[in-house]
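The structure appears right after this line, and notes come after that.
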Number of protein chains: 2
Amino acid sequence: MHGDLLLRKKAAVTGKSGLLEDMVLNERAQLVLNSIIENYIQSSEPIGSRTLSKSLGVQLSPATIRNIMSDLAEMGFLIQTHTSAGRVPTDKAYRFYVNSLSTPSSVPEQIKQKITLVSTEQGMQVEGILAEAVHLLADLTKFACVVSTPKASVSRLQRIELIKISEDRILVILVTKAGVVRDKIIFVTDSHTQDFLNSVASFLNDKFKNHSMQEIREKNGLAYSVYSYHDLLAQAVRLGKKAFELNNPGEMLIDGQMNLLLDPHFDEKSSLRSLIDAFNQKSEIMKILDDSMREKGVHIFIGIENDFEQLHGCSLIMTSYRNNQNVLGSIGVVGPTSMDYKKIISVVEYTAKILSETITERSYD
Amino acid sequence: MHGDLLLRKKAAVTGKSGLLEDMVLNERAQLVLNSIIENYIQSSEPIGSRTLSKSLGVQLSPATIRNIMSDLAEMGFLIQTHTSAGRVPTDKAYRFYVNSLSTPSSVPEQIKQKITLVSTEQGMQVEGILAEAVHLLADLTKFACVVSTPKASVSRLQRIELIKISEDRILVILVTKAGVVRDKIIFVTDSHTQDFLNSVASFLNDKFKNHSMQEIREKNGLAYSVYSYHDLLAQAVRLGKKAFELNNPGEMLIDGQMNLLLDPHFDEKSSLRSLIDAFNQKSEIMKILDDSMREKGVHIFIGIENDFEQLHGCSLIMTSYRNNQNVLGSIGVVGPTSMDYKKIISVVEYTAKILSETITERSYD
DNA sequence: TTTAGCACTCATTAGATGGTAGTGCTAATA
DNA sequence: TATTAGCACTACCATCTAATGAGTGCTAAA
């Protein structure tokens, strides 16, 4: 052992949380670790003591660095692929690194322009904007990117329209404040005139405009009992109920999956298979996106930190986007654990910001 | 040379079309060629004379087969990767093989069930059905699959609806006979009341129901001149014009791209890059899909037969789908030239058939 | 016309080898 | 006491070699 590489090793060892451990490295060890990580992010190759000695700002001999590295390895920040290889950061190291990133780095002007350029395209619907955003993000990061479409439940109603399509089918159009248009067909047993549908729609509009779908679904049950004595109204409410229920479960758009396959980190066939499966099984990724909506800020899942086993070899950078009323959905990147966190985090953040602004402009408030 | 391997070589050589050449192989040469192709489709490895001698039904010594192979190679049906390797079929060979497939092979019951199962899901919109179809096809074939959404121009109008969203924005909803709902926002300079919009919509509905968008756009110009003396009506028609113009250029859904990357035929990094680019550049694939709509039946592009250079290493199997009124779009598979044509063709054909039936059911006629 | 036999080609594989990038340990040094 | 130089050691890697084997083309015999 080489002295107090750990400033508060005792505290760290006796403490229960992993967070405490993040604090225990002394300054020089931190420097070495960060440098290893940044070098590795660049080169994707194990970093040796000699290499590091040169690239490091401070004057330290390879031998000294070896000592530090040895300790870092013992603490689980570094591993060796084999005895005579350099060191590679572990998930734990990346977590430490990311935690230590204090000031979010600024996005290069060139990238800013690219993002803004896309956002100013005219005449796009919300879904189109999302598709553009996720495509752009994939292009900028060269990883796979995902975005969830605005959640129906949080959307506020701008307008509902009922259109008679045939004797037993009615087309329901829901326009939300966020500018999303959803349509679906409902089947009815009794035939209604378009006039009747118009008055039902008008009734529903008066009653529910600006309410969230969530609220509407709850209140609607109430309304049902209140008006049930009146036959026509009862029918109207029954229709309304049908119109608002079981909106599509929320979708997600993926882009740039194929980028991952070019990445040197995923070239083993086994990890490839599992990645493909992961993206086919959208529901699991959807869960992660949903979770990232709950709290503000950028969410970072490194390696096994996400709950989806097939993505344990990846890191995910997720953040939410919103209009001026609500958080609508989230957008993010799926890449190798050795991604350039500084860059990716800031690009995701900036993209989400511009996306939010663009969507807010299109919102009806 | 070993005699008349070519039945009508003279005719073939003097003839101009490639089609004639397809007819010139004698029976035994055909047998050998087909067997090589089928073996290669299975194994993806060069086929040697010994192997073939065993797997071939007829009794022929390796030496004899070598002679035949040598001739086939000279005619451009086979190539060798190197001197001491077995033979591999060329694009020309696949073309010959596909042309000789007379009776479409039947789809296995198990696959039929899978396809039917998906098609019976309730309450889906057209886009959802297409997404399911292309996903299923990717799953069944293990290649990349594409489908184009129904062309706006051929769709017939079922209903148009104009909804006032704000002072300067109107939401246009177009419902087509095929059951596709399209929405878009148009910007106007003068504010209109919803009542006015309703009467405009009603006017447009009366006038244009059952007409194709194509027709409407053409006729609308006429209408404009007829009614221009009347101020309100002029406004109405102007609105209608805006509503029908520049519908989205038609989109396409892709699924299973990643399947291609597992395929042993695309494991060189160079061909991979070009494939990724190809799928990013949707417009080119869209062209091929569009072309496949024009004529009935399954369209097969082998290797360089398609006009998109980056897909020259692939074969494409495309066919159209329709409702009972119109051809709506097309669906197909992109895979390696050495795909199992028999199987893929029949699966694509069957899927398109079921897709057509499903969409016809959802149509408003 | 078909086939057996043989010489030849060339990719692939397995071993052997030297070089290299890295480590850990120890003893000398500041 | 912390740092560093030196050295033995390890394991990967590229290169070379030889052996293997699948395949061909050609020729002569059946």
Side-chain angles (χ1 to χ4, degrees), chain A residues 1-7 9 25-29 31-33 35-36 39-40 42-75 77-90 264 267-268, chain B residues 1-7 25-29 31-33 35-36 39-40 43-75 77-90 264 267-268:
Chain A
M1 269 293 137
H2 307 83
D4 60 347
L5 180 119
L6 310 184
L7 283 183
K9 179 144 190 174
L25 293 181
N26 72 26
E27 210 173 309
R28 211 179 50 181
L31 187 71
V32 169
L33 183 53
S35 186
I36 290 175
N39 270 292
Y40 185 69
Q42 285 301 318
S43 68
S44 292
E45 265 162 33
I47 309 299
S49 56
R50 253 179 77 80
T51 325
L52 200 60
S53 163
K54 284 179 218 154
S55 86
L56 208 57
V58 191
Q59 261 303 39
L60 281 178
S61 80
T64 311
I65 291 175
R66 278 207 287 282
N67 289 332
I68 301 170
M69 280 171 129
S70 170
D71 290 354
L72 286 170
E74 202 183 327
M75 295 168 68
F77 288 109
L78 300 174
I79 46 163
Q80 285 177 279
T81 56
H82 58 266
T83 332
S84 74
R87 301 303 215 290
V88 170
T90 61
D267 55 4
E268 300 134 40
Chain B
M1 267 295 138
H2 305 84
D4 61 348
L5 181 117
L6 310 184
L7 282 183
L25 292 181
N26 72 26
E27 211 173 309
R28 213 178 49 180
L31 188 70
V32 168
L33 184 53
S35 186
I36 289 175
N39 270 291
Y40 184 69
S43 69
S44 292
E45 264 160 34
I47 310 300
S49 55
R50 252 181 77 81
T51 324
L52 200 60
S53 163
K54 282 180 219 153
S55 87
L56 209 57
V58 191
Q59 260 306 37
L60 281 178
S61 80
T64 311
I65 291 176
R66 277 206 288 281
N67 289 331
I68 301 170
M69 280 171 129
S70 170
D71 290 353
L72 286 170
E74 205 184 325
M75 296 168 66
F77 288 110
L78 300 174
I79 47 165
Q80 284 177 279
T81 56
H82 59 267
T83 332
S84 74
R87 302 303 214 290
V88 170
T90 61
D267 53 4
E268 299 136 40

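Below, each value reflects all heavy atoms present in this structure, side chains not excepted, and no hydrogens, waters or symmetry copies. The sequence lines fix the lettering, A, B, ..., with proteins before strands; numbering per chain opens at 1.
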Donor-acceptor pairs under 3.5 angstrom involving side-chain atoms of residues 52-60 of chain B: please list them, not counting sequence neighbours.
from: B:S53; atom 1: OG; to: B:L60; atom 2: O; distance (Å): 3.0
from: B:S55; atom 1: OG; to: B:N39; atom 2: ND2; distance (Å): 3.2

May I ask you to test the A:I36-A:F77 pair for a side-chain heavy-atom distance under 4.5 Å?
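Not touching, per the 4.5 Å side-chain cut-off.
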Do A:L78 and A:I47 come within less than 4.5 Å of each other through their side chains, counting heavy atoms only?
no
Consider the side chain of [X], meaning its heavy atoms from C-beta on, and name the nucleotide among [options] that approaches it most closely.
X: B:R28; options: D:dG25, C:dT2, C:dA11; answer: C:dT2
X: B:M69; options: D:dT24, C:dA4, D:dC12; answer: D:dT24
X: A:S70; options: C:dG24, C:dA11, D:dT3; answer: C:dG24
X: A:S61; options: D:dT4, C:dG24, D:dT24; answer: D:dT4

Please give, in whole Å, the distance from [N] [atom2] to [X] [atom1]?
X: A:R50; N: C:dG22; atom1: CZ; atom2: C1'; value: 10 Å
X: B:I68; N: D:dG25; atom1: CD1; atom2: P; value: 13 Å
X: A:E45; N: C:dG22; atom1: CD; atom2: P; value: 9 Å
X: A:I47; N: C:dG22; atom1: CD1; atom2: P; value: 8 Å
X: A:N67; N: D:dT1; atom1: CG; atom2: P; value: 16 Å
X: B:Q59; N: C:dA4; atom1: CD; atom2: C1'; value: 15 Å
X: A:N26; N: D:dA2; atom1: CG; atom2: P; value: 11 Å
X: B:I65; N: C:dA4; atom1: CD1; atom2: P; value: 12 Å

Find the distance between CG (B:L31) and CD1 (B:I65) and round it off to the nearest 0.5 Å.
9.0 Å
CG-OG1 distance between A:N67 and A:T64, expressed to the nearest 0.5 angstrom
6.5 Å
Check: protein-nucleotides 7-10 of chain D nitrogen or oxygen pairs below 3.5 Å:
from: D:dT10; atom 1: O2; to: A:S84; atom 2: OG; distance (Å): 3.3

Under 3.5 Å, N/O pairs linking protein and nucleotides 15-20 of chain C:
none

Need one value for B:T51: base, sugar-phosphate or nothing, where a base atom within 4.0 Å counts as base even if backbone is also close, heavy atoms only.
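Answer is sugar-phosphate: B:T51 comes under 4.0 Å of backbone atoms only.
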Using a heavy-atom cut-off of 4.0 Å across all strands, would you classify B:A85 as base, sugar-phosphate, or nothing?
sugar-phosphate
For residues 79-87 of chain B, tabulate all N or O donor-acceptor pairs below 3.5 Å that involve a side-chain atom, not counting sequence neighbours.
from: B:Q80; atom 1: NE2; to: B:T83; atom 2: O; distance (Å): 2.8
from: B:Q80; atom 1: NE2; to: B:A85; atom 2: O; distance (Å): 3.1

Non-neighbouring partners of A:T90 that pass side chain to side chain donor-acceptor pair (under 3.5 Å), sequence neighbours left out
none
Tell me every residue that passes side chain to side chain donor-acceptor pair (under 3.5 Å) with A:S43, counting only those two or more places apart in sequence or in another chain.
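For A:S43, no residue satisfies side chain to side chain donor-acceptor pair (under 3.5 Å) once neighbours in sequence are set aside.
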Most 5' of A:A63 and B:L60 on DNA chain C, judged by nearest nucleotide:
B:L60
Side-chain N or O of B:T64 closer than 4.0 Å to phosphate OP1/OP2 of C:dT2
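False: B:T64 side-chain N/O out of range (4.0 Å or more) of C:dT2 OP1/OP2.
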How far apart are the closest heavy atoms of A:M69 and A:G48, and which atoms are they?
CE-C, 4.1 Å
Using side-chain contact (heavy atoms from CB on, under 4.5 Å) as the criterion, list what pairs up with A:S44, not counting sequence neighbours.
A:H265
